[in-house]
Amino acid sequence: MSVVLFFSRTMSFRHLLSIKAIILLPLLLSGCFDHYRTTDSLCNDNPNLCQPLNLNDGQCRIQRTNLIWQRYDTLQTPTDEYKFKELKATKEYQYCLEYAARIEPTKLKQRKTKRIQALYHSYESIERLNQELQSSQDPHIIYYRWNQGDQIAKQQFIALEGDEKLEHPELQLALARYYVNKDKHKTLDLLHHSLSLYKAKDNINISILRSLSTLYYQQHNMAAAYVWTNISTHYQPNHTPQKITRHNPFKLTEDDRKKLDRVTLNIITTLNNGQYHRTDIMTQ
């Protein structure tokens, strides 16, 4: 379909450029979205991303698809951030394959062979990505290396304390875990600060909420332990209640519970809105 434009001599050059931009935008967007609509089309043009995997196999289909697209993203943008995403996607695929490789197919026995080959390929990919990320200065990757037992990475991570690079909920939680057996008060500060870094509608790591509940209980602050246990339950209502909840050791009056239930709701509201500030809770 052709588009004809009529414009007067009085029309500004800037106005004309705006019209051209409006006409071209759908064409540009169409070009972006028409490219690789399916995983099959992506694999046909980029066989190296897909051939070593257990293609045409119902096992690990979701993990395999996620990995293929993440590999393509990394190919387009080969930064540490994208390589780290590929590493995590490869590990998820590997975990699935370790189970799938033990399954005996009722038909097409070669599928098991293909799964085992794909599993070995995943090990090789993880090793390669670990090597490529060995010198990364991204704090998330440094923390990952620390979790893998790298003591140099541990020192690198702790040295970043106070740096704005660690102003992220998960990284503040990592610091809190480091200090939990060294400084309980500092650990509480870090946990509260981690919650303040969440934005509206973010998924909150329930480990932060559980840690606050446990630490306050250990400090015999039953009001705070009660509130944070209830908040934890709110964000994961189907999980088994913690032991301290089952045995009901809070020793709070009915009036105390009603007041603390209101405090609980207020904190949940601020968390959902991304406006949390530390709330110290004590019974009268």
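Ring pair F84/Y144: centre-to-centre distance below 6.0 Å. The six-membered or imidazole ring of H168 lies near that of H140, with a centre-to-centre distance under 6.0 Å.
Here the closest non-hydrogen pair linking S122 and T90 is O-CG2, 3.8 Å. Of all non-hydrogen atoms in I208 and P169, the two that sit nearest each other are CD1-O, 4.5 Å. Closest heavy-atom contact between L212 and L188: CD2-CD2, 3.8 Å. S136 and D80 make their closest contact through OG-OD2, 3.0 Å (heavy atoms, listed as atom of the first residue, atom of the second, distance). Of all heavy-atom pairs between R115 and A101, the closest is CB-CA, 4.3 Å. In plain terms, the two heavy atoms of P47 and P52 that are nearest each other are O-CD, 4.4 Å.
Criterion: ILVMFWY side-chain heavy atoms under 4.5 Å apart, direct or through other members. Under it, L260 and L215 are part of a common hydrophobic cluster. Follow the hydrophobic side-chain contacts under 4.5 Å out from M222 and you reach L209 in the same cluster. Note on L195: it does not cluster hydrophobically with L197, by side-chain heavy-atom contacts below 4.5 Å among ILVMFWY residues. Residues L87 and L49 do not share a hydrophobic cluster, defined by chaining ILVMFWY side chains whose heavy atoms lie under 4.5 Å apart. Criterion: ILVMFWY side-chain heavy atoms under 4.5 Å apart, direct or through other members. Under it, L265 and I206 are not part of a common hydrophobic cluster.
A donor-acceptor pair is defined here as one N or O able to donate and one able to accept, closer than 3.5 Å; no such pair exists between the side chain of D256 and the backbone of L252. Counting only distance, with no hydrogens or angles, the side chain of D73 and the backbone of Y82 share no donor-acceptor pair below 3.5 Å. When atom types are taken as modelled, the side chain of T187 and the backbone of Y179 share a donor-acceptor pair closer than 3.5 angstrom. Without hydrogens or angle criteria, Y178 side chain to N181 main chain gives no donor-acceptor distance under 3.5 Å. Checking side-chain atoms of T214 against main-chain N and O of S211 turns up no donor-acceptor pair under 3.5 Å. A donor-acceptor distance shorter than 3.5 angstrom exists from the side chain of T74 to the backbone of Q70, with no hydrogens or angles considered.
No side-chain heavy atom of L271 sits less than 4.5 Å from a side-chain heavy atom of D202. The side-chain heavy atoms of I142 and W146, taken from C-beta on, include no pair separated by under 4.5 Å. In this structure, the side chains of D150 and Q134 come closer than 4.5 Å at one or more pairs of heavy atoms. Between L97 and L53 the shortest side-chain heavy-atom distance does not fall below 4.5 Å. Residues T79 and K83 fail the side-chain proximity criterion, which asks for heavy atoms closer than 4.5 Å. The closest side-chain heavy-atom distance from I126 to K91 is below 4.5 Å. Considering only heavy atoms from C-beta on, L173 stays 4.5 Å or farther from L190 through its side chain. Side-chain atoms of H277 and H192, non-hydrogen and from C-beta on, never get closer than 4.5 Å to each other.
Other residues, nucleotides and ligands contribute over 12 non-hydrogen atoms within 6.0 Å of the CD1 atom of I158. Within 6.0 Å of atom CD in Q218, more than 12 heavy atoms from other residues, nucleotides or ligands are found, so the atom counts as buried in its surroundings. Enclosure of atom CG in D163 by more than 12 non-hydrogen atoms of other residues, nucleotides or ligands within 6.0 angstrom is indicated. Under a cut-off of 6.0 angstrom, the local environment of OH in Y123 is crowded, with over 12 non-hydrogen atoms contributed by other residues, nucleotides or ligands. Remark: R128 CZ is packed, more than 12 non-hydrogen atoms of other residues, nucleotides or ligands lying under 6.0 Å away.
Annotation: the span from I268 atom CD1 to Y276 atom OH amounts to 12.0 Å, rounded to 0.5 Å. Taken to the nearest 0.5 Å, the OG1 atom of T65 stands 6.0 Å off from the CZ atom of R61. S125 contributes atom OG, which lies 7.5 Å from atom CG of L67 (distance to the nearest 0.5 angstrom). How far CG of N46 is from CD of Q51: 11.0 Å, rounded to the nearest 0.5 Å. Of the inter-residue distances, the one linking L55 atom CG with R64 atom CZ reads 6.0 Å to the nearest 0.5 angstrom. Rounding to the nearest 0.5 angstrom, the gap separating the SG atom in C60 from the OH atom in Y95 is 13.5 Å.
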Item checked: Chi angles and distances behind the side-chain hydrogen bond (donor to acceptor under 3.5 Å, both in side chains) call for T38, S41 -> CA-CA 5 Å; T38 67; S41 64; 3.2 Å; yes
Next item on the list: Please test I267 against I281 for side chain to side chain contact (heavy atoms under 4.5 Å, CB included), starting from the C-alpha separation and ending with a verdict.
Entry: CA-CA 11 Å; I267 292 176; I281 306 162; 4.0 Å; yes
Check: When you look at D255 and T253, which way does the side-chain hydrogen bond (donor to acceptor under 3.5 Å, both in side chains) test go after all the steps?
Finding: CA-CA 5 Å; D255 286 342; T253 67; 5.4 Å; no
Margin query: Apply side-chain hydrogen bond (donor to acceptor under 3.5 Å, both in side chains) to residues Y143 and D138 and explain how you reach the verdict.
Written below: CA-CA 9 Å; Y143 179 56; D138 184 320; over 6 Å; no
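With salt bridges taken as basic N to acidic carboxylate O contacts below 4.0 Å, none links D57 and K114. Using a 4.0 Å cut-off between charged side-chain N and carboxylate O, K88 and E92 make no salt bridge.
Residue Y93 forms a side chain to side chain contact (heavy atoms under 4.5 Å, CB included) with just one option from I62, I68, N54, N66, and that option is N54.
Using a 3.5 Å distance cut-off with no hydrogens or angles, the side chains of Q155 and Q151 do not pair a donor with an acceptor. Using modelled atom types and a 3.5 Å distance limit, the side chains of T270 and N273 yield no donor-acceptor pair. Residues R111 and Q59 bring no donor and acceptor atom of their side chains to less than 3.5 Å of each other. Looking only at atom types and distance, the side chain of N221 has no donor-acceptor partner in the side chain of Y226 under 3.5 Å away.
Residues satisfying the side-chain contact (heavy atoms from CB on, under 4.5 Å) test with P139, not counting sequence neighbours, are L160, K165, L166, L171. In this view, R71 and E86 satisfy the salt bridge (Lys or Arg N to Asp or Glu O under 4.0 Å) rule, not counting sequence neighbours.
The cationic group of K154 does not satisfy the cation-pi geometry with F157, failing either the under 6.0 Å distance to the six-membered ring centre or the 45° limit from the ring axis.
Contacts classified as salt bridge (Lys or Arg N to Asp or Glu O under 4.0 Å) and involving residues 167-191 (residues at least two apart or in different chains) are given here: E161-K186, D189-R278.
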